[in-house]
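Just below is one structure, and these are the notes that go with it.
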Amino acid sequence: MDRETSVKPLVMVVEDETALVTMLRYNLEKEGYRVCEALDGEEALTVLAEREPDLVLLDWMLPVLSGIEVCRQIRRKAKTRDLPVIMLTARGEEADKIRGLNIGADDYLTKPFSLPELMARVRALLRRARPVQSKGVLHYEDIRMDQTTHRVTRGSRHIHLGPTEYRLLQFFLQHPGSVFSREDLLNGVWGPDIYVEPRTVDVHIRRLRIALNGDSDVDVIRTVRAAGYALDTGMPLTP
Ligand code: CA
């Protein structure tokens, strides 16, 4: 663990505009990250097979293989399934944004983006992906989160969660039964220093819900109209 945390995080930049790659590399290295790069989607997959980045900045419009397809493949492979991905795109439409998040991106930035905002999102996402080591097990009803091994189970079923969904569930498990507004969740999970659209919360809640519920007919996340969300099966809380 000490060895892991002492190594600077490796950020992979997948982008075909070389000027942007140079600018990103310069600024990421200045912030203390290591950087590797790929100029098209196919090269991205090759680099991913060889290196183990901690985060990917992924352009949507790429030659050979699109960013969307690269993101799909990242999520499909066991080795990279948990890898945090920030999509970079010139397309700003809401529908595209939601589509990007739905195929598994963790965050989304529209070009031209501000550098401080990009850095804030990189930091926030790395923080979620490598949460401060809090030991111990959190549980609610049949949901169990081992914070040391990052293993999450519901009953006997192993639950696979991306970094954002993991942090969301951890936050809920720390306050079971409490109702949180989207803004509460943004502050608690994404951090107060970055701006994320409230609808992003809904996308991650939906992913968490699908992962947790599986075939179960008991929905563990209650939507409270006009108020927000709670981890709540509607059953009495057991201490
Ligand atoms: Ca491009």
Side-chain angles (χ1 to χ4, degrees), residues 8-129 162-165 190 193-204 207:
K8 292 176 186 174
L10 176 63
V11 176
M12 176 169 166
V13 176
V14 187
E15 169 64 67
D16 58 317
E17 292 166 50
T18 49
L20 188 52
V21 174
T22 307
M23 189 276 274
L24 287 171
R25 173 185 280 280
Y26 172 79
N27 285 284
L28 286 162
E29 285 177 347
K30 209 170 75 181
E31 290 274 316
Y33 301 113
R34 292 176 299 138
V35 176
C36 64
E37 59 194 49
L39 295 172
D40 64 56
E42 204 168 77
E43 192 188 351
L45 297 179
T46 310
V47 174
L48 278 168
E50 292 162 359
R51 308 286 303 268
E52 288 187 13
D54 297 287
L55 183 142
V56 179
L57 296 175
L58 181 59
D59 185 29
W60 179 303
M61 300 293 279
L62 286 169
V64 191
L65 208 60
S66 75
I68 286 284
E69 189 49 37
V70 172
C71 190
R72 271 203 197 100
Q73 302 226 17
I74 285 174
R75 289 293 169 257
R76 212 174 282 151
K77 294 192 175 90
K79 184 191 163 194
T80 53
R81 201 185 276 164
D82 295 326
L83 182 57
V85 175
I86 299 178
M87 294 285 297
L88 303 178
T89 179
R91 315 165 64 145
E93 291 93 31
E94 187 71 4
D96 284 341
K97 184 172 303 190
I98 299 303
R99 189 169 152 230
L101 291 170
N102 276 340
I103 56 124
D106 295 283
D107 205 348
Y108 190 104
L109 269 179
T110 305
K111 291 177 188 173
F113 47 81
S114 89
L115 203 52
E117 182 171 11
L118 174 79
M119 291 303 171
R121 284 165 189 255
V122 167
R123 270 196 305 277
L125 195 48
L126 284 170
R127 196 166 58 225
R128 267 176 279 153
T164 304
E165 287 73 40
W190 278 258
D193 53 338
I194 64 167
Y195 176 74
V196 180
E197 280 176 51
R199 279 191 59 182
T200 304
V201 175
D202 301 343
V203 172
H204 289 282
R207 270 201 238 167

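Counting from 1, the numbers follow the sequence of the chain as shown. Whatever order the structure lists ligands and atoms in, that order sets their numbers, starting from 1.
Two residues are said to be in side-chain contact when any heavy atoms from C-beta on lie closer than 4.5 Å; K111 and E15 meet this criterion. L83 is not listed as a side-chain neighbour of E52, based on a closest heavy-atom distance of 4.5 Å or more. The shortest distance between side-chain heavy atoms of V14 and L88 does not fall below 4.5 Å.
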- Does the pair Y33 and K8 meet the rule for a side-chain contact (heavy atoms from CB on, under 4.5 Å), with working shown? CA-CA 6 Å; Y33 301 113; K8 292 176 186 174; 5.9 Å; no
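Once rounded to the nearest 0.5 Å, the distance linking CG of D59 with OG of S66 reads 10.0 Å.
If you look at the Ca ion (ligand 1), the protein N, O or S atoms less than 3.0 Å from it are D16 OD1, D59 OD2, M61 O.
A salt bridge links D106 to R75: at least one charged side-chain nitrogen sits closer than 4.0 Å to a carboxylate oxygen.
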